[in-house]
Each structure stands twice: as C-alpha cells, then as structure tokens.
Amino acid sequence: MFTNENGALVYRRDGETVRIEPWGPDALRVRATRNRCFTDRDWALEQQPPSNASVKIFEDPSANAGGYMNMFSGADTSFGSITNGKLTAEINAGGVLTFTNQNGKVLLKEFWRRLQDETSMALNIPGREYKPSSGDNYRLTARFVADNKEKIFGMGQYQQHQLNMKGCLLELAQRNSQASVPFYISSLGYGFLWNNPAVGEVSFANNGTQWTAQSSKELDYLVIAGDSPAAIEERYMNLVGLPPMMPEYGMGFWQCKLRYRTQDELLAVARRYKELGIPLDVIVADFFHWTQQGDYKFDPQYWPDVPAMCKELADMGIRLMVSIWPTADYRSENFREMMDKGYLTQCESGVRVTMLCGGNEVFFDATNEDARSFVWQKVKENYWGKGARLYWLDVAEPEYTTYQFENYRYQLGSVLEVGNIYPVCYAKGFYDGMRAEGDDTPISLIRCAWAGSAKYGTLVWSGDIVSNFECFNRQLRAGLSMSIAGIPWWTTDIGGFHGGNGDDPMFRELFVRWLQYACFCPVMRLHGNRNPQSGYGDGDFGTGSDNEIWSFGDEIFDISKKYIFLRERLRDYTREQMRKASEAGTPVMRPLFYDFPQDANSWETDDAYLYGPDLVVAPVLEMDARTRSVYLPAGTDWVDVWTKTVHSGGQTIETDAPIDRIPVFARKGAAVLSAFDA
C-alpha cells in the first residue's frame, strides 16, 4: 500500500496511485491517477529541486485480519507520511491526505464522507473522484475540508469585487478580461497551486473546497507551508519561474489608443509629447495596422517606412510596440501553409473558424513548438528586422467567438484538457525568439496568463474592460489578485477600454482618477476606444476618438502631467521593486497583509494596497468623492505624502482627496517620500 520510491511517498490501492514528493523547500507535490502511470508533464513547475525530505511508513499487521473494511472503520492504523521542511503530508490506509506545518497545525485536509469513516457517514463522497471523460481522461475532482475563518487570496484576474476568494465560485478558464492563474495564499499559512491547465472550476465554499478538471489524466497540485505570505509567495515564484528584470522603458509612461491608423498619426502624437517636454517611453501601434491577420506585417499603404519611423522614435527616446494577434485569416498569405503544416487550432466539429473579427479566422496553435517558431520567424522578418521590437500579444486567451471549449483541440491535447496553458505558450514563443536575437530582458504586453507566465516576460493587462467607476473598482482587486497569483507585471487601460466620451465631465473625472492609480501600478499605460467613433473607410474598424492626455481639457492635462512627472521621480523606487520581483518574486503591488501579516485589519482591507514596501495607495473609486477613508497598517507611522501629516499605524483615517490628489502614505523615514516634494 505504501512505498518509498526515490524519496517520494507512494500510495496504491484499488487501481489508484497517489504520489507525494518534495518539490522545493517546504513544498510537496501531489499527483494521483487511475491510469497505469503518470504523465511526464510538469506544467507550471520548473524542474524538481533537491530536497532532504523524510518518508515514514507504518504498516499495521493486525489490519490484514480485519479485511477490506478495516481501512474505513479505523481498525487499520497503517499510514505513510512525508516531511519536507515545514510541511508534512500524511496519508492513511483509506487514502485520506492531511497537511500539517512544523507545529503540527492542520493546514489542509481532504474531504471524505463514506461508510464507517471517522464521521460515520454513508454518503460515499470521496476526496479524490474520477469520472469517465474520454479515452484515458477523467473528469477529476479534489475535495478539501473548509475552514470558515480562512481567507484566500490570488487565483488570477476575475471581474468581481471580491479580493478574498473565500465563498467564491471561479471558472478555471481563460476569457477576455479573465485570467485563471490557479495559485492562492491562505491566511492559515499555506499556498496552493492547482497544477492542471484543464478547463474546470473551483468553489471555496463554507462547507468545502472543491476543484474540478473537466478532462484530465491525473490530479496534480502543490502545497507550500510558510510563516508569512512573503515566504510562501517567494517559494512559489522560485518553483514556477521568476520574471526577468523589467527594462528601463517599463518604468515610465506608455501611450496608446484605438487606433493610430497611419505612421503619420502615430509620429504626430510622439512629436507633440516631445515638444511639450512630457516623458514618454513607449507608444503603441494597435490592431489592424496589418495587411491581413496572419500576414504579420505592416500595411505599406499606411506605414510606408517603418525603419525611419522607429529611428525617429528612438531619437526621441521612445520605443514602438506593435499589436500581434494569434489569428490567421483564410485570406492570409500564410494561411494555406500554416494549415498544411498543422499549425492551426483544430475544430472537433463544424466549420473550421474560431473567431470572426473582420473575416474568418483560425487561431494558431501556440502549444505547437513548430507553429511558435513559424510565427516568430514572420515577426522577426517583418517587425523585428525593421526596428519594431516590442510586442503586444493580444487575444491571448484565445478569445473564441463562442467559448465552446469542447470543440477545439491543440497539438498538446483538447482545450478541455490543456486550454489554460495557451497564453504561456504564446508568450514563450516570443520570449525565446527575442532572447535568441540578443534581448536579455524581453517583455510582451499580453491579455492573459496562467501559472508560470511571469518567467517569459509577460506584462498582463486586464483586457477589454468598460469605462466606468464600477469597472475601475474591480480592476483594483484584479490587480492585487494577479500579484498574489504570481504575475508581478500587471496594468490596465487607463480610463477603461470600451466607451468614454472625452467631452463628458463624468468620464474626465474617471480618467483622472484612473491615471492617478496607474501611476502606482507596475506599468503606467494609457489606452482606450473613445467615443464618438471615427472611421476612414478602410474596413469596419475605425480609430476611436483622441486619447492623449491633452484630449480631455486643460485641467485634466495639467493633472496628467503632474502624475507622469511623479512617475519619473518614482523611477528609482519602481526600479528597485522590479529588481526584487526578478530576484525573489516579490510582487510590485500587493495587499496590505503581505507586509503586515500580524495586523488582522490588513487582511480585511481590499480598497488600498502597497506599492513596494513603503507606500500605501488608496485610489478614489467613486464619482464626486473628495475624501476617502484609509486604513494604515499597524507597526509603523505613516506620512501623508501631500500634506506631510504623520499618522500612527493601526487606524482608519479620513483624508482629503481633491480631484488632483490620490491618497498616498509613505512609511515615516522612507527615502521615497522625497519624490513627492517637487
């Protein structure tokens, strides 16, 4: 029943195999299957680090006399345990797994309800369940006992108001503006990674936690023990991969809109920033600058001299970023070759069209290494070689016209089985290509992520969101959840993407509040599809109205300049936070409890956050608000960066928030306070 196999504890009974093995300090990986053997896929996890784990096995000789039911009645006291640093897992004769920390505290326990078990129930509900799917795949379920006092943080980007995921039902699937990154930190002192890219769901209910994969060959998850959220997060990030160092252009301000139709339009905007003396690090050429989806090239009618454009931008200290879509239109010059070579997503039934956006398109198969190489070679020839060397990997979920996940298949498996890993593979293709061309710090702006995405230089943005305060409120929670889930580079469209009329006073207020918040995000980036719409007769896609900081009146322009220049003065501080993210996995922005875990109120605060260790930021999230209540963590004094008033930590204060001011507080004595003096 129990064996020690090369330092891993293995449990076998009734056709099931459970393997528990050390995977880095204070961490254990659990896999379980009813197939003959495990797959060799590690998914988000890097190679297994060495460990000094201890395996113990106790076989009860009296159990043989009691027969099969002994293991459920409690008469069979056989068990196996494995200890790796601060984490111990014990599995009893009935297969029930329990995780404890170095002090013997139960962190996590499987939920079983069956005849004659310790709860004397005849419900026959297993903690690990395998239901037939297709072939050697199962619909897999893992159940755990709930703790009503537990708080759960992370899990990626969901468009909801909850920061604490306890009580939430979450779809484990990628959609436009939703990124499933299934890692969380518990207030009980552990971290949990669902290391399975299958489409599914998780429920963190009060009467039990339940994970489901719709189609998979094996259960696979990781548990990490730690004495603080920071210790758990850094263990996790070292196991799934650290991000590279953020390049210098990531510290400043980025300009974008939907869309600059021509080379002249884009250059005119860049020149005006230069003439006004306003720092600009990156400007973006968004979608439909191309001849056709899948051609991966500029349309020469509108972009006649890309090398000259890139050189002029570089002379102004500005980098060009271009939008790349993972779609190939049937009319593309590359479509036939990509289809013949198996580089396109398969459809299980119906017409082979996966997206309708200006034509009939099929997504390229990013799980196919050869397909990734093919796309990169086209990008290298038509963009990189012309000086356009930053890439916006849009539609990275990918965004199916209908999210019928069961109808699509990649080389790596059906979308039901592997679909959530698509954005990781998409980013990897560009990361590998850019590294091969000599870029030591590749970065891609991308619309989705999964566990392990960070190591491929992914800057995730929150998708095509709506321009209103309600949606703005959600982004605050989404960004903090992404940071805990292991995505330290994250940003939003300042002002939201859909809608927003530049002449509307309500939108102008939203815009300026959002821009103030973005000043204290990992990347400060302006984008949006503003109203009224305008088109040029080149298809169904217009450009949206103007979306530069001078587009919304003199007052907004002056406030915008103030925060762009503040961002510049924060450059040294931001750079240091990026270095910590690269070296240790420390989130750039994070909930208050990350640095103040002993402060119970910090675990309850979801409308303010830390930007690095020394700044508490409290965005104004309501229309017409001119004051804000802010909780300041206990254990230090905090200085209002605008008034220099000193406040003791551990209290909620009411602070002024006029239209040109976002409440920000610095640790007393922190060097970053000087950035606010100018």
Side-chain angles (χ1 to χ4, degrees), residues 17 19 29 31-46 129-142 156 171-175 179-182 193-202 211-222 240 326-328 338-339 341-350 352-355 362-375 395-400 402-429 448-453 456:
T17 302
R19 181 180 179 88
R29 182 184 183 187
R31 283 179 284 178
T33 188
R34 288 194 176 276
N35 290 329
R36 184 178 63 85
C37 60
F38 293 107
T39 70
D40 59 357
R41 293 171 175 173
D42 289 332
W43 299 122
L45 295 172
E46 300 280 82
E129 185 173 62
Y130 307 80
K131 290 187 176 180
S133 177
S134 61
D136 57 353
N137 280 23
Y138 297 91
R139 177 182 172 87
L140 300 178
T141 301
E171 181 187 42
L172 302 176
Q174 316 292 26
R175 296 174 183 257
S180 174
V181 189
L193 169 67
W194 180 251
N195 191 37
N196 189 323
V199 172
E201 65 180 25
V202 59
W211 296 82
T212 301
Q214 290 191 28
S215 181
S216 188
K217 294 178 176 61
E218 61 197 24
L219 288 172
D220 191 344
Y221 62 84
L222 181 84
V240 299
T327 48
M338 294 177 76
M339 184 175 69
K341 291 182 175 179
Y343 294 166
L344 300 176
T345 296
Q346 300 285 333
C347 289
E348 303 284 31
S349 63
R352 193 174 184 182
V353 174
T354 58
M355 190 178 189
V362 182
F363 290 106
F364 95 91
D365 181 358
T367 75
N368 183 326
E369 183 178 358
D370 292 335
R372 294 197 301 265
S373 179
F374 178 89
V375 170
V395 199
E397 301 80 13
E399 186 181 1
Y400 299 106
T402 57
Y403 285 107
Q404 295 176 341
F405 299 114
E406 68 277 5
N407 195 39
Y408 310 114
R409 178 172 293 275
Y410 306 139
Q411 184 187 69
L412 205 57
S414 71
V415 169
L416 282 183
E417 181 180 7
V418 304
N420 288 334
I421 207 167
Y422 189 99
V424 182
C425 299
Y426 188 15
K428 185 179 188 302
C448 199
W450 193 67
S453 282
Y456 297 124

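Treat the numbers as computed from the prediction; the structure is a model and nothing was measured.
- For Glu406, there are no salt bridge (charged side-chain N to carboxylate O under 4.0 Å, His left out) partners at least two apart in sequence or on another chain.
- Taking the six-membered ring where the residue is Trp, Tyr422 and Tyr410 present tilted rings, their angle falling between 30° and 60°.
- Shown here are the side-chain hydrogen bond (donor to acceptor under 3.5 Å, both in side chains) partners of Asn196, two or more places apart in sequence or in another chain: Ser216.
- Between Met338 and Val375, some side-chain heavy-atom pair lies under the 4.5 Å cut-off.
- Counting all heavy atoms, side chain and backbone alike, Thr33 lies closest to Phe38 at CG2-CE2, 3.5 Å.
- Residues Asp42 and Asn195 come closest through the heavy atom pair O-ND2, 3.2 Å.
- In this structure the side chain of Leu219 reaches within 4.5 angstrom of the side chain of Trp194, judged on heavy atoms.
- Every residue two or more places apart in sequence or in another chain that forms a side-chain hydrogen bond (donor to acceptor under 3.5 Å, both in side chains) with Tyr130 is listed here: Glu16.
- The minimum heavy-atom distance between Trp450 and Ser180, with the atom names listed, is CD1-O, 2.9 Å.
- Considering only heavy atoms from C-beta on, Glu201 stays 4.5 Å or farther from Gln214 through its side chain.
- The only member of Asn368, Thr327, Val362, Asp365 that meets side-chain contact (heavy atoms from CB on, under 4.5 Å) when paired with Leu344 is Val362.
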| request: Please report the C-alpha distance between Asp370 and Arg372 in whole Å, then the side-chain angles of each, then the deciding distance to 0.1 Å, and finally whether the side-chain contact (heavy atoms from CB on, under 4.5 Å) criterion is met. | output: CA-CA 5 Å; Asp370 292 335; Arg372 294 197 301 265; over 6 Å; no

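- With sequence neighbours left out, the side-chain hydrogen bond (donor to acceptor under 3.5 Å, both in side chains) criterion links Glu129 to Arg143.
- Gln174 places a side-chain N or O within 3.5 Å of a backbone atom of Ala449 that can act as its donor or acceptor partner.
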| task | Might you work through the side-chain contact (heavy atoms from CB on, under 4.5 Å) test for Leu172 and Val199, ending with a clear yes or no? | result | CA-CA 5 Å; Leu172 302 176; Val199 172; over 6 Å; no

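- Using modelled atom types, no side-chain atom of Asp136 and backbone atom of Lys217 make a donor-acceptor pair closer than 3.5 Å.
- The two residues Leu140 and Tyr138 make their nearest non-hydrogen contact at CD2-CB, 3.3 Å.
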| task | Kindly indicate, with the supporting measurements, whether the criterion side-chain contact (heavy atoms from CB on, under 4.5 Å) is fulfilled by Tyr456 and Tyr426. | result | CA-CA 10 Å; Tyr456 297 124; Tyr426 188 15; over 6 Å; no

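- With sequence neighbours excluded, the residues that form a salt bridge (charged side-chain N to carboxylate O under 4.0 Å, His left out) with Asp220 are Arg29.
- No side-chain heavy atom of Pro398 sits under 4.5 Å from any side-chain heavy atom of Met355.
- Going from atom CZ of Phe405 over to atom CD of Glu171 covers 5.5 Å, rounded to the nearest 0.5 Å.
- For the side-chain hydrogen bond (donor to acceptor under 3.5 Å, both in side chains) test, residues two or more places apart in sequence or in another chain that qualify with Ser215 are Ser133, Asn137.
- In terms of heavy-atom proximity, Ala366 sits nearest to Cys425 at O-CB, 3.1 Å.
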| query | Can you check side-chain contact (heavy atoms from CB on, under 4.5 Å) on Gln346 and Arg352, steps first, answer last? | reply | CA-CA 7 Å; Gln346 300 285 333; Arg352 193 174 184 182; 3.2 Å; yes

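- A heavy-atom distance below 4.5 Å is not found between the side chains of Asn35 and Glu218.
- Ring orientation note: the planes of Tyr408 and Tyr400 are close to parallel, at an angle under 30° on the 30°/60° scale.
- Here the closest heavy-atom approach between residue Thr354 and residue Cys347 is recorded as CG2-SG, 4.0 Å.
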